[in-house]
Visitor: 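Got a structure for you, written out below as structure tokens; questions coming shortly.
Residue numbers count from 1 along this sequence. The model shown is predicted, which means the values in this text are computed figures rather than measured ones.
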Amino acid sequence: MKRFRSVISKYVLGYVAVGVFAVFFLITSVFMNGYVSERYEAEIAELGSISELEAAANDLYEEIDLIYLYLSDTEIGNYDEKKQAVTGLLAETQRQVEAKFVREMADTNSTIETYIEKCDELIAQLEIYFDSDKTSDYDVLESMYNEQQEVYSYVVDGFQGVYSVRLNSLSEMEKQMNRFQMKITLLEAICLIIAIGGCFAYLVRTVREIASSIAIMMSGVSAIKEDVFQAEPLTIHSNDEFEEFANAFNEMIRVIQDQMKRIEEDANVKERLGAMEIENLKMFSDLQKSHLDFLQSRINPHFLFNTLNMIASMARIENADQSAEMMETTASFLRYNLDNISKTVTLAQEIENLKDYVAIQEYRYGGRYRYDFQVDENCMDFQMPCMILQPLVENAIQHGLAMKLSGGYVQVKCYLMSNRVFLEVTDNGVGMTKEQIAETYKDFYENNSSTTHIGLRNIYKRLELFYKEDVQFELNNMEPGLEITITLPWEGRSL
């Protein structure tokens with residue numbers, strides 16, 4: 001829906017736009033000038049800190065000369081004060097280097113630190129000299145003094161390099177600031193001209209729209225005077241009072257001319273829409289039923305063939321009893337699948353069928369794996385689709401425990417909690433990586449047609465259709481093994 005603007009607001013908008021642009025340019029100019037000044041002042045302040053550090057280092061140098069040349073131990077106390085002054089200023093310039101690295105300043109700071117160390121060594125030697133009543137070796141003292149003098153010469157050279165770099169940087173910054181200020185001024189002038197020109201064009205367009213709307217309204221009134229039923233709708237897109245008036249005029253003409261016809265057409269349309277909605281619901285129900293039947297029918301037959309082959313092999317090497325029992329168990333398993341493929345079953349039936357499957361696996365693998373059933377009696381009557389638990393156990397054996405020659409374990413737990421039924425199948429096999437679990441979920445939700453995870457995806461899709469998407473399907477790596485948890489609503493439904 002368009003936002004309504006009155007004619008007065010259109011005029012006011014043009015003048016307000018100019019004022020907003022002017023204030024914006026003023027604020028921008030003040031801000032940019034302040035930013036430039038702040039940067040310049042920061043550079044000056046940093047240069048001042050460097051100058052103070054140079055003066056403090058020179059004071060320390062003179063103090064060392066005074067102590068050494070006059071061999072006066074009374075001045076040693078002033079050395080600590082001078083040294084602390086240099087150390088404090090050195091910490092300030094070091095923070096500057098950490099904030100904005102300048103190689104010359106970093107080198108000079110390191111040289112000053114070395115100079116302070118040399119001064120400390122010289123002062124320590126002087127104190128030894130004074131304590132020995134000036135009888136200790138003077139040559140060592142002189143050598144240390146010469147080293148201190150040499151390091152200070154490097155300090156002086158370092159400050160000269162720092163000043164050269166800083167002054168060049170300051171000069172370049174002044175040039176950049178001048179160029180930047182000229183560009184800002186030019187940009188502000190251009191934007192101001194564009195704003196004034198745009199406002200003028202906007203006001204001219206507004207006046208033309210108003211004049212055009214008045215002309216269209218006058219023609220509409222003339223048409224009504226001649227024949228109200230032949231009057232054509234007014235077309236005004238001015239987004240103001242004139243457009244509102246045109247809409248009201250058109251609504252009045254439409255009500256007069258089409259009211260009865262519209263009532264009749266609306267009745268017919270509603271009837272057709274109702275019939276179409278019923279048909280669509282029926283088609284959707286049939287589609288869901290067909291999809292569910294299709295997914296139910298995609299049970300992997302490989303197990304059945306393997307079982308029959310195994311029974312045939314056993315029949316060749318033994319006499320009757322074990323083979324007969326094996327065949328009866330297999331027949332029960334097949335009969336369950338064929339009879340209930342399109343029906344709902346109880347959890348108790350699903351567990352009995354799963355036990356038949358486990359019995360077959362016991363014959364097949366000869367006790368390599370152990371099976372544990374923990375089923376809550378309160379949920380034995382729970383209605384669910386056929387063949388949900390068996391593919392999960394088969395998945396655990398074929399993909400999780402296939403490499404184990406002994407010690408394999410599969411646990412099946414079914415219990416009721418918070419009005420939901422929990423089905424858990426856990427094994428101690430190889431499990432799945434996080435990437436494999438993520439890819440399995442992706443197959444679930446994107447309906448991926450790849451050949452991996454077919455059994456799990458089949459179970460998920462059947463449950464999703466059966467319970468109207470109120471299904472939770474979780475894969476958890478147990479290290480070792482894998483835990484598959486399915487959570488279903490207690491209030492099921494029948495196919």
Visitor: The criterion is salt bridge (charged side-chain N to carboxylate O under 4.0 Å, His left out); which residues satisfy it with Glu424, sequence neighbours excluded?
Guide: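 So Glu424 forms no salt bridge (charged side-chain N to carboxylate O under 4.0 Å, His left out) with any residue.
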Visitor: Apply side-chain contact (heavy atoms from CB on, under 4.5 Å) to residues Met182 and Leu187 and explain how you reach the verdict.
Guide: CA-CA 9 Å; Met182 290 178 62; Leu187 180 62; over 6 Å; no
Visitor: Got a donor-acceptor contact below 3.5 angstrom from the Tyr154 side chain to the Ile112 backbone?
Guide: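 Side chain of Tyr154 to backbone of Ile112: no pair is present.
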Visitor: With no hydrogens and no angle check, just 3.5 Å: does a side-chain donor-acceptor pair link Tyr369 and Gln361?
Guide: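 No pair is found: no donor N or O on one side chain lies under 3.5 Å from an acceptor on the other.
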Visitor: Report yes if the side chains of Gln436 and Thr433 come closer than 4.5 Å at any heavy-atom pair, otherwise no.
Guide: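 Contact flag for Gln436/Thr433 side chains = yes.
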Visitor: Going by heavy atoms in the side chains, are Leu482 and Thr426 under 4.5 Å from each other?
Guide: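 In short, these two side chains do not touch, never coming nearer than 4.5 Å.
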Visitor: Are the side chains of Tyr460 and Leu465 in touch, meaning some heavy atoms are under 4.5 Å apart?
Guide: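 Of all side-chain heavy-atom pairs linking Leu465 with Tyr460, none is under 4.5 Å.
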Visitor: Could you go through the side-chain contact (heavy atoms from CB on, under 4.5 Å) check for Val412 and Tyr371 one step at a time?
Guide: CA-CA 8 Å; Val412 180; Tyr371 305 91; over 6 Å; no
Visitor: Less than 4.0 Å between a side-chain N and a carboxylate O, is that true for Glu92 and Arg95?
Guide: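 Salt bridge between Arg95 and Glu92, a charged N being under 4.0 Å from a carboxylate O: yes.
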Visitor: Are a donor atom and an acceptor atom from the side chains of Glu62 and Asn58 found within less than 3.5 Å of each other?
Guide: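 Distance-only check passes for Glu62 and Asn58.
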Visitor: Looking only at heavy atoms, which two atoms of Asn477 and Gly481 are closest? And how far apart?
Guide: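 Heavy-atom minimum between the residues: OD1-O, 3.0 Å.
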Visitor: Any salt bridge between Lys83 and Asp59, counting N to O under 4.0 Å?
Guide: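 No, this pair does not count.
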Visitor: Which distance, rounded to the nearest 0.5 Å, do you find between the OG1 of Thr114 and the CD of Gln148?
Guide: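 Thr114 OG1 to Gln148 CD: 12.5 Å, rounded to 0.5 Å.
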Visitor: For the atom pair NE2 (His399) and CD1 (Ile397), what is the distance rounded to the nearest 0.5 Å?
Guide: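 It comes to 11.0 Å.
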Visitor: SG of Cys119 to CE of Met144: how many Å apart, nearest 0.5 Å?
Guide: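 One gets 10.0 Å once the value is rounded to the nearest 0.5 Å.
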Visitor: Could you check whether Glu121 and Gln125, counting side-chain N and O atoms only, form a donor-acceptor pair closer than 3.5 Å?
Guide: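 Looking only at side-chain atoms, Glu121 and Gln125 do not form any donor-acceptor pair under 3.5 Å.
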Visitor: Provide the closest heavy-atom pair for Leu53 versus Met105 in the form atom of the first, atom of the second, distance.
Guide: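 Nearest pair, atom of Leu53 first, then Met105: CD2-CE, 4.3 Å.
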Visitor: Evaluate the side-chain proximity of Leu416 to Trp490: yes if any heavy-atom separation is below 4.5 Å, no if none is.
Guide: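 Yes; the side chains approach each other to less than 4.5 Å.
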Visitor: Show your reasoning for whether side-chain contact (heavy atoms from CB on, under 4.5 Å) applies to Leu463 and Leu488.
Guide: CA-CA 9 Å; Leu463 292 175; Leu488 305 173; 4.2 Å; yes
Visitor: Provide the closest heavy-atom pair for Glu350 versus Pro385 in the form atom of the first, atom of the second, distance.
Guide: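 So the minimum-distance heavy-atom pair works out to OE1-O, 4.3 Å.
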Visitor: Do the ring planes of Tyr115 and Tyr61 sit parallel (below 30°), tilted (30 to 60°) or perpendicular (above 60°)?
Guide: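 Ring orientation of Tyr115 relative to Tyr61: tilted.
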Visitor: Are side-chain heavy atoms of Cys414 and Val421 found at a separation under 4.5 Å?
Guide: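 With C-beta onward as the side chain, the pair stays apart.
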Visitor: Kindly compute the distance separating NZ (Lys118) from CD (Gln149), expressed to the nearest 0.5 Å.
Guide: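 The distance works out to 13.5 Å.
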Visitor: To the nearest 0.5 Å, how far apart are CD1 in Ile123 and CD1 in Ile116?
Guide: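 One finds 12.5 Å between CD1 of Ile123 and CD1 of Ile116.
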Visitor: Taking side chain as C-beta onward, heavy atoms only, is Phe473 less than 4.5 Å from Ile484?
Guide: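 They are in side-chain contact.
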Visitor: Looking at every non-hydrogen atom in both residues, tell me the closest pair between Gly429 and Pro480 and how far apart they are.
Guide: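 Closest pair (atom of Gly429, atom of Pro480, distance): O-CB, 3.6 Å.
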Visitor: Identify the heavy atoms of Tyr441 and Glu474 that sit nearest to each other, and give their distance.
Guide: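 Nearest pair, atom of Tyr441 first, then Glu474: OH-CA, 3.3 Å.
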Visitor: How long is the gap from CG on Asp80 to CD on Glu63, to the nearest 0.5 Å?
Guide: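 Reported to 0.5 Å precision, the distance equals 10.0 Å.
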Visitor: How close do Asp427 and Gly400 get, counting heavy atoms only, and between which atoms?
Guide: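 Scanning both residues completely, I find the closest heavy atoms to be OD1-CA, 4.4 Å.
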Visitor: Without swapping roles, check the side chain of Arg457 against the backbone of Asp443 for a donor-acceptor pair under 3.5 Å.
Guide: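 Absent.
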Visitor: Look only at the side chain of Asn428 and the backbone of Gly408, and say whether a donor-acceptor pair between them is shorter than 3.5 Å.
Guide: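 Absent.
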Visitor: Please lay out, stage by stage, how Ile50 and Glu54 fare under the test side-chain contact (heavy atoms from CB on, under 4.5 Å).
Guide: CA-CA 6 Å; Ile50 295 171; Glu54 181 187 19; 5.7 Å; no
Visitor: What residue pairs, at least two apart or across chains, pass side-chain hydrogen bond (donor to acceptor under 3.5 Å, both in side chains) with a residue in residues 400-411?
Guide: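 For residues 400-411, and leaving out neighbouring residues, the side-chain hydrogen bond (donor to acceptor under 3.5 Å, both in side chains) pairs sorted by first residue read Asp372-Tyr409, Asp372-Gln411, Tyr409-Gln411.
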Visitor: What do you reckon, is CD of Gln374 surrounded by more than 12 foreign heavy atoms closer than 6.0 Å?
Guide: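 It does: Gln374 CD has more than 12 such atoms within range.
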Visitor: Do Tyr152 and Ile64 have side chains that get closer than 4.5 Å, going by heavy atoms?
Guide: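 With C-beta onward as the side chain, the pair stays apart.
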Visitor: Going by heavy atoms in the side chains, are Phe444 and Leu456 under 4.5 Å from each other?
Guide: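 Yes, their side chains come closer than 4.5 Å.
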Visitor: Run the numbers on Tyr415 and Asn378 for side-chain hydrogen bond (donor to acceptor under 3.5 Å, both in side chains), then give the verdict.
Guide: CA-CA 8 Å; Tyr415 55 93; Asn378 294 325; over 6 Å; no
Visitor: Pick one: which of Leu354, Ile486, Ile459 meets side chain to side chain contact (heavy atoms under 4.5 Å, CB included) with Leu389?
Guide: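 Single pass found, and it is Leu354.
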